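Have a look at the structure below, then the notes.
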Amino acid sequence: FRGGIKMSLRADFHAHTVYGDGRNTPAEMVKAAWDTGLTDFGISEHGFLSGYAYSEDGTFGMNDGKYRLYMEEMEELKERYRGRLNLHIGIERDSMGPLQPAEYVIGSVHQIIKDKEAVMVDESEEILKDAVNRLWGGDWYGMTADYYAREAKAAELTACDIIGHVDLITKFNQDGHLFDENCDAYLEPAMAAVRELSKSGALFEINTGAMSRGFRREPYPSPALLTEIRRLGGKIIINSDSHRTDTLAWQFQAAVRLAKECGFDGSYILAPEGGFNKIMF
């Protein structure tokens, strides 16, 4: 394939740009997708989110002005690559954000509210530790239960086609050094969320983003959750959650291997005419 990279899955639909928290422009990301050998690609920029404590104006993602510019630029890129690359215009909505429209939607939970304070669960390990100590009295399972209670509503609140990184709360928990992902206190609310989300019919994302950023050695979701998704008849899509040009389709081999181990025989991609097509492993 172009760029000399051999892969069995040549589609990726979770990526970010300078319109959100990515490093590259949409044009640079699309060119990288083409150079890498992808045949199907989508950018899913972060939708607007207020109550964000880590920026000067207390917001995150695209305000109305950025959103309009993003949509215009993506439409131009679709025309430029028409006939060469199936390009899709997406958005990643947070469960607490507005419903800005796009061709497809990834629904995610990045923050939860505790005692009227917004806590970003994936900003940094230090921020999460501080929040758990201050707001949950050091009770990690109280915090994860609150996260999954919110996650259970993600499909309903975002009207999404794809459920993003369902266990994002484990981003900083490699080797279980913050909490035990195998204990009932963690698994029961996590499984309850998966069961509720499965009713929506949205695809569950296998996401390699935390691997490319050095936080995890395995994709999201965990084997336990992914096995439950398979038991429930859920469908999957494999995405990189890339924030720069050199991490597109990151470690998709590991994602496919995990999917197979959990009983899946293929994943889905966005179809040019709309809807999804299944790609067999």
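It should be emphasised that the depicted structure is a prediction, and the values quoted were computed from it without experimental measurement.
When side chains are defined from C-beta on, F276 does not count as touching K235, because their heavy atoms never get closer than 4.5 Å. Taking 4.5 Å as the limit, some side-chain heavy atom of V119 sits within range of a side-chain heavy atom of W136. The closest side-chain heavy-atom distance from R82 to E79 is below 4.5 Å. By the 4.5 Å heavy-atom criterion applied to side chains, K153 and E196 are not counted as neighbours. Contact annotation: the side chain of W140 approaches that of K129 to within less than 4.5 Å [non-hydrogen atoms, C-beta and beyond]. Proximity of D64 to F48: side-chain heavy atoms (C-beta onward) are nowhere separated by under 4.5 Å. Two residues are said to be in side-chain contact when any heavy atoms from C-beta on lie closer than 4.5 Å; I279 and L9 meet this criterion. Here the side chains of I169 and E151 are not in contact, with every heavy-atom distance at 4.5 Å or above.
Under 3.5 Å, the side chains of E45 and T17 contain a donor-acceptor pair of N or O atoms. A donor-acceptor pair shorter than 3.5 Å can be found between the side chains of E92 and S108.
Although no hydrogens or angles enter the test, the distance criterion places no donor-acceptor pair under 3.5 Å between the side chain of T247 and the main chain of W250. For S200 (side chain) and L197 (main-chain N/O), a donor-acceptor pair under 3.5 Å exists by modelled atom type. Remark: side-chain polar atoms of N207 are not paired, donor with acceptor, to backbone N or O of Y220 under 3.5 angstrom. Listed for the E181 side chain is no donor-acceptor partner under 3.5 Å among the backbone atoms of S222. Judged purely by atom type and a 3.5 angstrom limit, Y67 uses its side chain to pair as donor or acceptor with the backbone of P101. For D94 (side chain) and H110 (main-chain N/O), a donor-acceptor pair under 3.5 Å exists by modelled atom type. In this structure, the side chain of Q174 engages the main chain of R217 through a donor-acceptor pair within 3.5 Å. In this structure, the side chain of Y147 does not engage the main chain of V121 through any donor-acceptor pair within 3.5 Å. Between the side chain of D130 and the backbone N or O of E126, no donor-acceptor pair lies under 3.5 Å. Counting only distance, with no hydrogens or angles, the side chain of N173 and the backbone of L178 share a donor-acceptor pair below 3.5 Å.
Salt-bridge annotation for D265 and K278: present, with a side-chain N of the basic residue lying under 4.0 Å from a carboxylate O of the acidic one. Between E76 and R80 no salt bridge is recorded (no basic side-chain N to carboxylate O distance below 4.0 Å). In summary, E75 and K78 do not engage in a salt bridge, as defined by a charged side-chain N under 4.0 Å from a carboxylate O.
The distance from the CG atom of L226 to the CZ atom of F264 is 4.5 Å, given to the nearest 0.5 Å. Distance check: T208 OG1 to D12 CG gives 7.0 Å after rounding to the nearest 0.5 Å. One distance of note links CG of D167 with OH of Y186; it measures 5.0 Å at 0.5 Å rounding. From L232, atom CG reaches atom CZ of F204 across 7.5 Å, with rounding to the nearest 0.5 Å. With values rounded to the nearest 0.5 angstrom, I236 atom CD1 is found 8.5 Å from C262 atom SG. Separation of atoms CG (L168) and CG (D241) is listed at 8.5 Å; rounding is to 0.5 Å.
H14 and H165 have tilted rings, their planes meeting at an angle from 30° to 60° on a 0 to 90° scale. Using the six-membered ring where Trp is involved, F60 and Y52 have ring planes that are tilted, between 30° and 60° apart. Classification of the F179-Y141 ring pair by plane angle, with boundaries at 30° and 60°, yields perpendicular.
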After noting the C-alpha distance and the side-chain angles of K31 and E28, does the key distance pass the salt bridge (Lys or Arg N to Asp or Glu O under 4.0 Å) rule? CA-CA 5 Å; K31 182 179 184 301; E28 289 169 339; over 6 Å; no
Go through K114 and E117 one step at a time and tell me if the salt bridge (Lys or Arg N to Asp or Glu O under 4.0 Å) criterion holds. CA-CA 5 Å; K114 180 68 171 177; E117 181 176 335; over 6 Å; no
Take S212 and R244 through the side chain to side chain donor-acceptor pair (under 3.5 Å) test and state the conclusion after the steps. CA-CA 10 Å; S212 66; R244 60 180 200 247; over 6 Å; no
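Cation-pi contact between R213 and F215: absent, since separation from the ring centre below 6.0 Å together with deviation from the ring axis within 45° is not met.
I163 approaches C160 most closely through the heavy-atom pair CG1-SG, 4.1 Å. Contact detail for P26 and E73: the closest heavy-atom pair is CD-OE2, 3.6 Å. Closest non-hydrogen pair, A224 versus M191, comes out as O-CE, 3.5 Å. Shown here for A210 and K171, the closest heavy-atom pair between the two residues is CB-CG, 4.4 Å.
Environment of CZ in R150: crowded, with over 12 heavy atoms of neighbouring residues, nucleotides or ligands closer than 6.0 Å.
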